[in-house]
Amino acid sequence: MDTRSELQATVNAMVQPGKGLLAADESGPTIAKRFKTIGLESSEENRRAYRNLLLTTPGLGEFVSGVILYEETLGQKADDGTPFPQLSARNGIVPGIKVDLGKIPLALAPGDEITEGLDGLAKRFVDYKRQGARFAKWRAVYNITASLPSRLAIEANADSLARYAAISQEAGIVPIVEPEVLMDGDHTIGRSAEVTEAVLHEVFNALHRHRVVLEHILLKPSMVLAGAEHAQQSSVADIAAHTVRILKRTVPSAVPGIVFLSGGQSPEEATANLDAMNRLGPLPWNLSFSYGRALQEPPLQAWRGQASNVKDAQAALLKRARLNSAAALGKYDAAQEKN
Ligand code: 13P
C-alpha cells in the first residue's frame, strides 16, 4: 500500500462515529504518580499487569477505536503472550505510540516549556512501525499567566509539532497533534480562549508550512475553560460554546477528527463537556475523546493492584468508555452515571 492509502486507512479506522481513543501512554514518572494514589509500586510487572487489565477489557472495541501506548508497553506482552499492539488490533483497537520525550524549560523564556524528541525520530518510527504502531502522539504544553505563553513559546512549539507531524506522515504513521493549554492557574475562561486561539492558529500555520496533509492528522486539544484556581468555575454550556467557537475559527474542516484530552477534569465533567459540544452540531469534524485520567481514574481506583479486583476495574473502564461514546454522539444522559 502506498503511504497516502496507508494513512487514510488508519484515519478511517480511528475516526468512527461514537468512538474515541484511550490514552494509556503515561511515561515512567507519570504512571508512578498514578500508582502512588493506590499505594502501588511502579515495577515493570505492575505496569504490564495494569495495561493488560485495560487492554483485555471485554467489549472495549465497541467504544474505543485506538489506544495510545508508551514505548515500554509497545514491547510488552499480555497474560496470554500476545504483544499488546497485536492484542489491541485483534480487538479492533488501532495501536499508537507516544513519541515525544517530554518537556523541558524553553531556554531564555522563563515559565515557558518546549517538547523534545525530534532528533532520530524518523529512525525510531521504523522500529515502532515494525512493532505494530499505526499512529503517534506528540504533546506540547502551554502554561497560562497574564504574560505566558510568550510568542516565542507559541511559535517554537508549533514548529516542533509540525516537524513531528511531517516526519510521522512520511513514515506512514498518522500523527496526533496535541497542543495542551494547561488548566492550572486562576485565569478566566476568556483568557483560556485567547491563548487557545493563538496556539491553534500558529499550529495550523506551521502544519501548512511543513506540508502536513490535514486529512491525515488528528487534533488533540484541551477544552477552553477557566483555570482550576479561578473563583468562578466555567459551566458546561460556557465550556462548550467557547471551545467550539475557537475550534471553528482555527481548525480547517479538512481535519477529520478532533479528540480532546481531559487535562485534570473529573471523569463526569469531561463526559458532560464533550456531550454539550456535540449538541451544538452539525460540526465539520468528528468531535470525540482521547482521555487519559478521565477514562482511567475509576478503573485504577477499583483495581488497587489486586488481581481479585480486575473484573470490577474493567467494568469501571467500560462504563466510562460507553458514556463517552454516547457523549461523542451528543446522546449522553447524566442519569446513566448511576447504572
Ligand atoms: P489526560 O486526558 O489525562 O489529560 O491525558 C491525555 C493525554 O494523552 C495527555 O498527554
Side-chain angles (χ1 to χ4, degrees), residues 14 20-37 50-51 54 63-74 93-104 113-117 133 135-144 157 160-161 164-165 168 174-185 192 196 199 203 217-225 227-228 239 243 257-274 277 287-301 316-317 320-321 323-325 327-328:
M14 293 175 76
L21 310 182
L22 166 64
D25 59 331
E26 297 81 8
S27 63
T30 302
I31 196 69
K33 201 158 78 183
R34 305 276 184 267
F35 280 2
K36 205 162 173 223
T37 67
Y50 179 58
R51 269 70 183 246
L54 298 176
F63 310 117
V64 167
S65 56
V67 62
I68 316 174
L69 304 171
Y70 188 55
E71 191 176 49
E72 177 190 68
T73 319
L74 197 70
I93 300 175
V94 182
I97 169 98
K98 166 196 175 74
V99 298
D100 68 72
L101 300 179
K103 59 194 173 62
I104 54 162
E113 296 181 289
I114 184 82
T115 302
E116 295 191 296
F135 71 91
K137 182 197 100 168
W138 178 289
R139 172 176 178 250
V141 178
Y142 307 84
N143 296 301
I144 299 195
N157 275 293
S160 296
L161 277 167
Y164 138 78
S168 183
V174 169
I176 296 184
V177 173
E178 181 180 8
E180 176 171 9
V181 177
L182 293 181
M183 57 189 273
D184 302 335
S192 169
T196 305
V199 162
V203 165
I217 71 162
L218 267 68
L219 178 71
K220 176 164 174 164
S222 38
M223 295 182 197
V224 175
L225 68 187
I239 293 170
T243 306
I258 298 179
V259 288
F260 289 100
L261 59 93
S262 60
Q265 299 178 46
S266 73
E268 293 78 11
E269 285 166 348
T271 306
N273 291 335
L274 176 62
M277 284 187 260
L287 214 60
S288 191
F289 59 91
S290 174
Y291 295 157
R293 283 162 284 178
L295 278 169
Q296 291 188 52
E297 256 168 35
L300 183 66
Q301 295 304 321
L317 173 62
R320 290 266 45 101
L323 296 180
N324 283 309
S325 163

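Because the structure is predicted, anything quoted here is derived from the model rather than measured. Remember, it's 1-based here, ligands and their atoms both numbered in the order they're listed. Scope of the values below: all heavy atoms of this structure, side chains included, with no hydrogens, waters or symmetry mates.
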(message) So if I count the atoms of ligand 1 from 1 in the order they appear, which ones are less than 4.0 Å from some heavy atom of G292?
(response) 1 (P), 2 (O), 3 (O), 5 (O), 6 (C)
(message) If the contact criterion is a heavy-atom separation under 4.0 Å, does Q296 count as touching ligand 1?
(response) no
(request) Could you tell me whether S290 and ligand 1 have an N or O pair separated by under 3.5 Å? (result) no
(message) Could you check whether any side-chain heavy atom of T196 comes within less than 4.5 Å of a side-chain heavy atom of P221, counting everything from C-beta outward?
(response) no
(message) Geometry only, no angles: is R34 polar-contacting ligand 1 at N/O separations under 3.5 Å?
(response) no
(message) Please state which option from E178, Q265, K220, R139 has its nearest heavy atom closest to atom 8 (O) of ligand 1.
(response) K220
(request) With sequence neighbours excluded, give me every salt bridge (charged side-chain N to carboxylate O under 4.0 Å, His left out) pair touching residues 20-30. (result) D25-K137, E26-R51
(message) Just so I know, are the side chains of W138 and T115 near enough to count as touching, which here means a heavy-atom distance under 4.5 Å?
(response) yes
(request) May I ask you to check whether G263 has an N/O atom sitting below 3.5 Å from an N/O atom of ligand 1? (result) yes
(request) Would you check if Q265 and L225 make a side-chain contact, meaning some heavy-atom pair closer than 4.5 Å? (result) yes
(message) Does any part of the side chain of R320, heavy atoms only, come nearer than 4.5 Å to the side chain of L323, both counted from C-beta?
(response) yes
(message) Using a 4.0 Å heavy-atom cut-off, which part of S262 comes near ligand 1: side chain, backbone, both, or neither?
(response) both
(request) Please tell me if the side chains of S65 and L21 come closer than 4.5 Å, counting only heavy atoms from C-beta onward. (result) yes
(request) Measure the distances from the heavy atoms of A294 to every atom of ligand 1 and state whether one is below 4.0 angstrom. (result) no
(request) With the side chain counted from C-beta on, respond yes when L300 and R293 share a heavy-atom pair under 4.5 Å apart, and no when they do not. (result) no
(message) Closer than 4.0 Å to some heavy atom of D25 - which atoms of ligand 1 meet that?
(response) 8 (O)
(message) I want to confirm something. Looking only at heavy atoms, which of K137, R293, E180, E297 is nearest to atom 10 (O) of ligand 1?
(response) K137
(request) Would you check whether Y291 has a nitrogen or oxygen atom less than 3.5 angstrom from a nitrogen or oxygen atom of ligand 1? (result) no
(request) Select one of side chain, backbone, both or neither to describe which atoms of I68 lie under 4.0 Å from any atom of ligand 1, heavy atoms only. (result) neither
(request) Quick one: list whatever passes ring pair (Phe, Tyr, Trp, His ring centres under 6.0 Å) with Y291, sequence neighbours left out. (result) F289
